[in-house]
Amino acid sequence: MADKPHLNMIVTGHIDNGKSTTMGHFLMDLGVVDERTIAAHGAESEKTGKGDTFKYAWVMDNIKDERERGITIDLAFQKFESSKFFFTLIDAPGHRDFIKNMITGASEADAAVLVLSAKEGETDTATAAGGQAREHAFLLKTLGVKQIIVAINKMDAVEYKEDAFKAAKEKGEKLVRSVGYKIDDVPFIPVSGWKGDNLVKKTENMPWYSGKTLLEAFDDLTVEEKPTGKPLRTPIQDVYTITGVGTVPVGRVETGIMKAGQKIIVMPSGALGEIKSIETHHTEMPSAEAGDNIGFNLRGIEKKDIKRGDVLGEPENPPNVAKEFKAQIIVIHHPTAIAPGYTPVMHAHTTQVAATVTEFLQKINPATGAVEEENPKFLKVGDAAIVKIRPVRPTCIETFNEFPEMGRFALRDMGATIAAGIVKEITEEYKP
Ligand SMILES: Nc1nc2c(ncn2[C@@H]2O[C@H](COP(=O)(O)OP(=O)(O)OP(=O)(O)O)[C@@H](O)[C@H]2O)c(=O)[nH]1
């Protein structure tokens with residue numbers, strides 16, 4: 001089991017299309033959550049006067065509550081296995097930190113399930129402008145989630161009819177294609193999260209469907225190769241001072257390989273040093289590679305020269321530091337509209353910095369990238385644009401093309417994620 005490759009899976013979809021019910025039932029059928037727990041949730045659900053219709057959803061919602069109270073610190077809140085992979089279900093959207101977590105890499109998703117209701121009215125609302133299925137599909141594409149599976153849910157509510165599936169599938173396809181996915185690569189699976197059809201067990205209620213179950217479709221996913229061949233980038237999460245050991249930064253190697261004995265540079269300070277030792281889970285290791293969470297010991301770097309948000313790399317290919325950059329953003333949430341000069345807080349990898357959106361260069365069609373308006377005066381929810389951003393201090397950032405892991409960001413204000421974005425070009429570099 002330990003040898004199976006690991007995938008992070010995110011479940012998305014419009015409110016009430018059945019994300020929690022579908023995944024709750026799926027986990028029960030897999031034996032991850034037992035029947036007694038579900039029955040208990042059913043009883044709880046009855047008490048609320050909603051009958052037991054929320055019994056499966058409660059599995060997921062209870063997990064959500066736990067997270068919101070901060071009990072589960074790491075985002076890995078439910079784990080399960082298919083025959084090929086080991087999965088972690090990560091932050092569901094709707095949770096207020098979902099977008100930020102996805103962007104800062106706290107919960108990078110390898111694949112996503114989009115749950116779309118087969119009930120005509122619900123399909124339409126979810127996929128229409130302003131619908132969450134649309135918003136989520138957009139974000140998944142923008143943030144580089146390459147694999148997506150669409151579960152057409154609530155088939156029991158449409159009498160398991162093929163026509164109903166086809167109608168919902170058509171709308172789903174249109175949506176997924178419009179945000180830029182190749183439709184041939186996206187499986188559409190008719191399911192009932194409530195009854196359990198085609199989740200883990202192949203149903204007999206839809207003889208017209210010869211495709212895969214949700215679980216089988218999970219086995220068709222692929223694990224992307226780790227970016228070990230790229231230059232080293234290790235964003236710093238925290239820096240500890242340990243008596244007798246010295247400065248011990250911790251972080252995750254995003255790209256490349258880091259070796260004990262290697263010369264390194266810390267940006268933006270430009271301080272040069274050497275890796276003395278590397279460890280993970282209290283075990284010393286000679287080297288670490290992309291994806292590894294590590295602590296390490298540095299020679300020649302003073303505490304003042306390294307802090308959270310800094311990035312460590314090779315002196316011959318130092319991490320980039322921007323005074324200003326050009327980005328593509330999508331406005332996700334704002335009560336009115338944003339205008340040039342807006343200064344929210346930018347979150348990228350491990351860094352947080354106030355940043356001014358100085359110029360709106362072009363409003364673009366979010367799906368095609370076609371320019372819709374030059375120098376727009378304001379941007380509102382759903383708008384995509386090419387803008388210039390100036391952090392209040394030089395900040396380590398990379399272009400999304402070169403280092404996707406380091407080239408995406410969220411703009412947050414008043415506790416909400418206002419926009420998500422990717423870095424197109426560094427327009428003004430900072431050199432220490
Ligand atoms: N008939 C039928 N109802 C379903 C199905 N799946 C979910 N529902 C119902 O749809 C409602 C919403 O389900 P949830 O699972 O809470 O939906 P959700 O997408 O997780 O909603 P949020 O977490 O609030 O965004 C509940 O009343 C469920 O019982 C299904 O397959 N068939």
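One-based numbering, in listed order, for ligands and for the atoms of each. Side chains included, hydrogens not; waters and symmetry mates left out as well; all remaining heavy atoms used.
Aromatic ring orientation, Phe80 versus Phe87: parallel (interplanar angle below 30°, classes split at 30° and 60°).
Considering both main-chain and side-chain atoms, Gly193 comes within under 3.5 Å of ligand 1 through a nitrogen or oxygen pair. Below 3.5 Å of separation, one finds no N or O of Val191 facing any N or O of ligand 1. In terms of polar-atom proximity, defined here as any N/O pair under 3.5 Å, Thr22 makes no such contact with ligand 1. Note: no N/O pair closer than 3.5 Å links Lys195 and ligand 1 by distance alone.
Residue Ser20 has at least one heavy-atom neighbour below 4.0 Å for each of these atoms of ligand 1: 15 (O), 18 (P), 20 (O), 23 (O). Those atoms of ligand 1 with a heavy atom of Thr21 less than 4.0 angstrom away are 6 (N), 7 (C), 13 (O), 14 (P), 15 (O), 28 (C).
Using a 4.0 Å cut-off between charged nitrogen and carboxylate oxygen, Glu170 and Lys166 do not count as a salt-bridge pair. One finds a salt bridge joining Asp310 and Lys307 here, because a Lys/Arg side-chain nitrogen approaches an Asp/Glu carboxylate oxygen to under 4.0 Å. Salt bridge Arg233/Glu405: absent, no basic N to carboxylate O contact under 4.0 Å. Classification of Glu428 and Arg390 as a salt-bridged pair holds, one side-chain N sitting under 4.0 Å from a carboxylate O.
Only the side chain of Asn153 comes within 4.0 Å of ligand 1, counting heavy atoms alone; its backbone N, CA, C and O stay farther away.
At a cut-off of 3.5 Å, with distance as the only test, no side-chain donor of Gln237 or Thr350 sits close to an acceptor on the other residue.
For the pair His14 and ligand 1, a heavy-atom separation below 4.0 Å is found.
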